[in-house]
Structure formats: C-alpha cells, structure tokens
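Below is the structure I would like to discuss, written out as structure tokens.
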2 protein chains.
Amino acid sequence: MKVGGDLAGQLGYQVQLVHPMAHEAARAALEHLDITPARATALLLIRANPGCSQSALGGALNVNRSSAMKIVDLLEGRGLIRRAPSADPRAHALELTSKGEQFAADVDVALEENERRFFGVLSAAERKSLLEMLQRLHQRAP
Amino acid sequence: MKVGGDLAGQLGYQVQLVHPMAHEAARAALEHLDITPARATALLLIRANPGCSQSALGGALNVNRSSAMKIVDLLEGRGLIRRAPSADPRAHALELTSKGEQFAADVDVALEENERRFFGVLSAAERKSLLEMLQRLHQRAP
DNA sequence: TATTGTTATACTCTATAACTATA
DNA sequence: TATAGTTATAGAGTATAACAATA
C-alpha cells in the first residue's frame with residue numbers, strides 16, 4: 001500500500017503510525033509481568049505521587065473518575081497499591097504496597113530495556129532531540 | 001501530578017502522551033466534516049491505492065478484515081467510495097466516488113491546517129527532523 | 001488448501017449518569 | 001453547591017470464529 005504524498009509528509013500521520021508500534025513494544029516488554037502499559041503507567045504515577053487521589057490519577061492518565069477507579073481496583077486487587085485514608089475523608093490516598101514497590105522496580109527494568117530496544121535505531125543525540133520535541137509538544141498550553 | 005524521573009525521560013512515555021493530543025487535535029479538525037481520523041485515513045489510503053482490496057486496506061490500517069469491512073461499509077454508506085468489481089472475483093476493488101474525491105480534498109485542507117497548528121511550536125527544521133525520525137522508527141524491520 | 005468478504009458474537013476500554021457521603 | 005468515590009449501563013473499536021465463494 002502506497003501512502004499519498006499529503007499523508008506521508010504529515011507529522012500527525014507519522015505519530016499515528018509510530019504510536020501503536022511503541023504501544024505493542026511496551027505491551028510485549030511488560031507481558032511477563034502480566035500488566036498493560038496503561039496500568040504500569042498508573043503504578044509509576046502513584047509511586048511518583050504518593051497520597052494522590054483517584055481523580056488526580058485519572059487526570060494524569062486522561063481518563064475520568066470511573067475509568068480511574070477500575071484501574072485502581074485492579075492494582076489494589078493484585079496487592080500492588082492500597083487505598084489509604086486521606087485528610088479529606090471523601091478521598092483515598094493512593095500509595096504503593098511493598099509488593100508494589102518491588103513490582104514497580106521490575107516495571108522500570110522492563111521499560112528501560114524496551115526503551116533501548118525500540119528507540120535504538122536513533123542515535124543518542126537524536127533521542128535527546130526527539131525527547132525534547134515531544135516534551136515541548138505536550139507541555140504547551142492547550 | 002509529578003512524573004517519576006524514570007518515566008519522564010522515556011521516549012515511549014512521551015509518545016504515549018503526545019499521541020492522544022495529536023489524535024484529539026485531528027478529531028477536532030475533522031469534526032465539521034463528520035469523520036474520524038481513522039476513517040479519514042482510510043479514505044486517503046484508498047485514494048492513494050485505487051483498486052485495493054479490503055484486506056490490503058486493513059493491513060495498512062493495522063486492523064483485521066472484519067474491522068476493515070466496517071470502515072468500508074461506513075464510507076460506502078456515505079457515498080464516498082464504491083466497491084467496484086475486481087480481477088479476483090472474491091475481492092472488491094475499492095475506489096473513491098466523485099463525491100469522495102471532493103470530500104478527500106476537504107480532508108486534505110483540514111489536516112494540513114491542523115498540521116500547521118498542532119506542530120507549529122516546532123521550527124521548520126525541527127519538524128523536518130522529527131518527521132525523518134518518526135519515519136525511521138516505523139519503517140525499520142520488525 | 002488458502003484467501004476474500006461476510007456475519008455473529010464477545011471483549012476491552014472508556015464515557016455518562018445517577019447515587020452517597022462528605023465539604 | 002461542589003467534589004470524591006462508586007455503581008450500572010451504554011457506546012466505540014476491535015478481535016475471534018465460522019461460513020460461502022473462489023483461487
């Protein structure tokens with residue numbers, strides 16, 4: 001299949017192509033831990049923000065409260081996080097269990113190895129440049 | 001929400017962040033045409049590959065035959081493409097109708113404007129560099 | 001046997017809306 | 001009144017499996 005000249009030169013289309021490949025690579029890299037990239041991301045976000053609420057987590061994951069709850073349910077069901085009491089009794093303070101800390105360390109290793117493998121076709125300078133550009137793209141004001 | 005140092009520095013995570021933003025931008029840019037980015041992509045791929053089969057289209061879209069058929073059903077139902085007879089009587093030869101040609105031109109305009117808006121935070125040289133890197137990432141052998 | 005299109009079915013992810021309990 | 005969490009329900013997108021027609 002050819003790609004029309006218009007499409008092939010568009011960054012939006014290239015992002016559209018690269019994303020599922022990167023997602024599949026991450027999925028495969030995490031398969032032995034039986035966790036999806038989205039849930040692994042949630043775990044690492046909770047580790048970086050101990051005591052955060054489910055709503056805040058949902059905001060960072062770009063999902064609503066209802067969807068965030070399902071992710072939290074799953075991670076809690078596996079004993080990786082706990083819903084600790086919060087200063088605001090309406091909310092939960094999410095935090096990793098010791099099992100979750102160990103698991104998150106395993107996730108780190110798997111993702112770092114995947115990072116090297118998937119983006120290895122780029123030089124170190126290119127990876128740095130790409131990282132900077134992607135950060136700029138999503139950090140700008142909407 | 002903070003992002004753990006491990007996560008923030010990973011290209012995979014940055015792609016994971018930028019993709020939904022780019023998708024949302026494309027969705028909004030195409031909203032007045034009442035078509036989703038995936039279906040618009042299918043239309044442009046058929047235009048670039050007149051006479052292609054549904055299976056070939058599905059391959060380019062990374063979906064299976066069943067899902068490709070639903071997309072083709074929708075585009076045909078809107079009168080944008082037709083299922084023409086193919087040399088292989090098992091297959092259909094997909095092609096744009098004249099209405100589809102006009103519509104695809106509108107899609108071109110919308111996507112080009114979106115491209116300028118969304119990636120406008122990058123300089124022309126950066127956009128060129130980013131395009132080249134993304135192409136290299138998905139063109140490599142699996 | 002393998003492939004194209006088709007159909008029916010199921011699964012995953014996410015969203016919406018309504019409810020409760022707090023603030 | 002506004003917010004956090006919860007629950008039930010619905011939708012979109014995709015996958016699987018089986019089938020008919022044809023290679």
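All chains are named by letter (A, B, ...) in the order of the sequence lines, taking the proteins before the strands, and each is independently numbered beginning at 1.
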Between R116(B) and E112(B), is there a salt bridge with N-O shorter than 4.0 Å?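 Looking at E112(B) and R116(B), the cut-off is not met.
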Look only at the side chain of E115(A) and the backbone of L11(B), and say whether a donor-acceptor pair between them is shorter than 3.5 Å.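 Checked: pair present.
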Atom CD1 of I81(A) to atom C1' of dG5(D): distance rounded to whole Å?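 Distance, rounded to whole Å: 14 Å.
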Exam field: side chain R127(A) to backbone L122(A), donor-acceptor pair closer than 3.5 Å: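 Here the side-chain-to-backbone pair exists.
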Measure CG/N62(B) against C1'/dA15(D) and give the value in whole Å, please.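 These atoms are roughly 14 Å apart.
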Toward the 5' end of DNA chain C, by each residue's nearest nucleotide, S55(B) or K70(B):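 Its nucleotide being nearer the 5' end, the pick is S55(B).
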With a 4.0 Å cut-off on N to O distance, would you call D73(A) and R83(A) a salt bridge?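 Yes, D73(A) and R83(A) are salt-bridged.
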Anything under 3.5 Å between a protein N or O and an N or O of nucleotides 16-23 of chain D, put it in a table, one pair a line.
unit_1: dT16(D); atom_1: O4; unit_2: S66(B); atom_2: OG; d: 3.1
unit_1: dT22(D); atom_1: O2; unit_2: R90(B); atom_2: NH1; d: 3.4

Any salt bridge between E31(B) and R27(B), counting N to O under 4.0 Å?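 The answer is yes: the pair qualifies as a salt bridge.
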Terminal contacting nucleotides, 5' and 3', DNA chain C versus chain B (heavy atom, 4.0 Å):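 Listed 5' to 3', the contact boundaries are dA2(C) to dA8(C).
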Which sits closer to the 5' end of DNA chain C, Q54(B) or R39(A), going by the nucleotide each is nearest to?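 By nearest-heavy-atom nucleotide position, the 5'-most residue is Q54(B).
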Rounding to an integer number of Å, can you tell me how far D73(B) CG sits from dT14(D) P?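 Those two atoms, CG and P, are 14 Å apart.
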How close or far is atom C1' of dA12(D) from atom CD of E24(B), stated in whole angstroms?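 Spelled out: CD on E24(B) to C1' on dA12(D) is 15 Å.
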Separation of dT14(D) P from M69(B) CE (nearest whole Å):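 After rounding, the reported distance stands at 14 Å.
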Can any side-chain N or O of S53(B) pair as donor or acceptor with the backbone N or O of H92(B) at less than 3.5 Å?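 No; zero donor-acceptor contacts below 3.5 Å.
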Strictly distance-based, threshold 3.5 Å: is any side-chain N or O of E95(B) a donor or acceptor partner for the main-chain N or O of I81(B)?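 Pair absent, no side-chain N/O of E95(B) close to backbone of I81(B).
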Nearest 0.5 Å please: distance from the CD1 atom of I71(B) over to the CG atom of L74(B).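 Output value for this atom pair is 8.5 Å.
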